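Fair warning: this is a prediction, and the values are worked out from it, not measured in the lab. In each ligand, atom 1 is the first atom listed, and ligand 1 is the first ligand listed.
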Amino acid sequence: MNSSMNHYKEPAPILDKENPFESMMERFEIAAKIIGLDQGIYNYLKAPTKQVITSVPIVMDDGKLEVFEGYRVIHNDILGPSKGGIRYAPDVTLDEMKALAAWMTWKCAIVNIPFGGAKGGIKCDPSLMSQNELERLTRRFTSNMLDVFGPDRDIPAPDMNTNEQTMAWIMDTYSMHSKKTETAVVTGKPTLIGGSLGRKEATGRGVMTVALGALSKIGIKPENAVAAIQGFGNVGSITAHALYEKGVKVVALSDINGAIFNSNGFNIAELIEHVERHKTLIDYQNAEVISNEELLELQCDILIPAAKEDQITSKNAKKLKCKIIAEGANGPTTAKADPILQTKGILVIPDILTNAGGVTVSYFEWVQDRMGYFWTLDRVNRRLDRMMHEAFVNVYKSAAKYDVSLRIGAYIIAIEKVAQTLKLRGIYA
Ligand code: NAD
C-alpha cells in the first residue's frame with residue numbers, strides 16, 4: 001500500500017473526450033477565480049489529501065492466483081469523515097477516482113452534510129467473476145484498507161457494479177478486525193444489517209425534487225412537462241417513476257441497448273416490470289426504437305442524463321432542444337459543452353446538486369447506525385426533500401449573486417464552505 005500527497009500540475013489542454021479530473025478542475029478554477037480564492041487554499045484544495053493504490057491478490061475458483069489493482073482516493077476530509085462509493089470495472093483509473101472523490105467533497109458541502117469526499121475502486125471485470133471470487137476480492141481489499149476505512153475516518157458506499165452485498169462484506173470484514181460490529185463503516189447496506197429505508201430510491205427522488213424545482217422556475221407545471229431520460233438503472237428508473245407519479249410525461253428512455261420513444265408518454269411502473277422480466281427496455285411494445293443520440297436531441301422540457309459521463313459534448317450540445325438538463329449521472333456534460341449550453345439558454349442543474357440525494361440518505365444511514373435508532377421511510381423522505389430543496393435554493397441564490405451558471409454557483413458554495421472551515425480549523429504543522 002502506498003499513500004502520498006499529490007502535487008498539482010497544470011492540466012493538459014482539454015480535448016472533447018475529457019479526462020474527468022481535468023473536467024472537474026476546469027469548473028473548480030472558474031469558481032475559484034470568481035471568488036478570489038486565496039492561492040494557498042487553492043493549492044490545498046486542488047490536490048487530494050490521500051491517494052492509495054493497493055495490490056489485491058486472491059485465489060480464483062480454478063486455484064490460480066490473480067492480482068488486482070485497488071484504489072481509494074480521499075480528496076478532502078476537512079468537513080468530516082470522507083464519503084464515497086467503490087466501483088468495480090475494467091476501466092477504473094486513478095484519475096477517474098480523483099475526479100469522483102473531489103465531486104463528493106463538493107456534493108457533501110452543497111447539501112450541507114458533515115462529510116468530506118472520497119472514491120475507490122478495483123480494476124476488474126465483475127461480469128467474469130463468481131460470487132465467491134467477488135467476496136474474496138472485497139474482503140481482501142477491505143483488509144488492505146483497514147487503516148483508511150472507519151466510521152469516523154472514511155465510509156464507503158456502493159457504486160458501479162457494487163451493491164448491498166458488497167457493503168455487507170466490507171462491514172463484516174471490518175467488524176471482524178475491530179472485534180465488534182461496526183455498521184456505520186459503510187452505507188448502502190441491506191436494511192437487516194443497519195441500512196436505511198429509502199436509500200435505494202434516494203438519488204432518483206432527489207433528481208425529481210430539483211427537476212420539479214427547475215420546471216417551476218421556468219413556469220412549467222409538472223402535468224404539462226415532457227421529459228426524456230438516458231439510462232434506466234437505479235437513478236434513471238427511479239427518477240422516471242418519481243416524475244411520472246407527479247404527472248410528468250416521460251416520452252423517451254434508454255439503456256445500453258438503445259432508446260425507446262412514445263409521444264404519448266410511458267407508464268413507468270409497467271416499464272420497470274418489463275425490464276425486471278426482459279432485462280432491457282428495447283423490446284417494449286408501443287414504442288418507436290430510436291438511438292441514444294436521438295434521445296439526447298429530442299424536443300422536450302427536461303432532459304435527464306442518468307447513465308454515464310461525457311454524454312453531452314461540444315459535438316452534440318448545439319443540437320440539443322430541451323429547456324432544462326438535470327444531471328442525474330456524474331459528469332454527463334463535458335466542460336467544453338458548458339458554454340454552448342449556456343449560450344443556447346438551456347438551464348443545466350449540475351450533477352453535484354442533482355444527484356446528491358444518494359449521499360444525503362447515506363448520511364442519514366450513518367446517523368441512524370450511530371444512534372442505533374432507525375427512522376420511518378416517511379421521516380427519511382421528508383428530511384431528504386427538505387435538504388434537496390434547500391440546496392437547490394442556495395445554488396440558485398449563489399448563481400444569481402455572482403451572475404454565473406448554476407454549475408459554477410454550486411462550485412462556489414462548496415469551495416467557500418470548505419475554505420471557511422479550513423480557515424477556522426487552521427493548518428496543523
Ligand atoms: P446503473 O448501473 O444502475 O444504471 C446505468 C444505466 O445506464 C443502465 O440502464 C445502463 O443500461 C445505462 N447505460 C449504460 N451505458 C449507456 C449508454 N452508453 N447509453 C445509454 N444508457 C447507458 O447505474 P446508476 O446507479 O443508475 O448510476 C447512473 C449514474 O448516476 C452514474 O453516473 C453514477 O455515478 C451516478 N450516480 C448514481 C448514484 C446512485 O445512488 N446510484 C448516486 C449519484 C450518482
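An N or O contact shorter than 3.5 Å links Val235 to ligand 1 by distance. An N or O contact shorter than 3.5 Å links Asn234 to ligand 1 by distance. The shortest N/O to N/O separation between Thr203 and ligand 1 falls below 3.5 Å. At a 3.5 angstrom cut-off on N or O pairs, Asn292 counts as close to ligand 1.
The protein non-hydrogen atom at the shortest distance from atom 31 (C) of ligand 1 is Ala307 O, 3.5 Å. Regarding atom 6 (C) of ligand 1, its nearest protein heavy-atom neighbour is Gly233 N, 3.7 Å.
Between Asp147 and Arg153 there is no salt bridge, since none of the side-chain N atoms of the basic residue sits less than 4.0 Å from a carboxylate O of the acidic one. Taking a cutoff of 4.0 Å between a charged side-chain nitrogen and a carboxylate oxygen, Lys336 and Asp310 do not qualify as a salt bridge. Note on Lys98 versus Asp95: salt bridge recorded, some NZ/NE/NH1/NH2 to OD/OE distance being below 4.0 Å. Salt bridge present: Lys189 and Asp369 bring a charged side-chain N and a carboxylate O closer than 4.0 Å.
When Phe28, Trp106, Phe21 are each tested for a ring-ring contact (aromatic ring centres under 6.0 Å, His included) with His75, only one passes: Trp106.
Inside a 4.0 Å radius of atom 40 (O) of ligand 1 there is at least one protein heavy atom.
In the vicinity of Arg87, heavy-atom distances shorter than 4.0 Å reach the ligand 1 atoms 34 (O).
A side-chain donor-acceptor contact under 3.5 Å links Asp301 to the backbone of Val226.
The closest approach between Gly231 and ligand 1 falls below 4.0 Å for a heavy atom of the residue.
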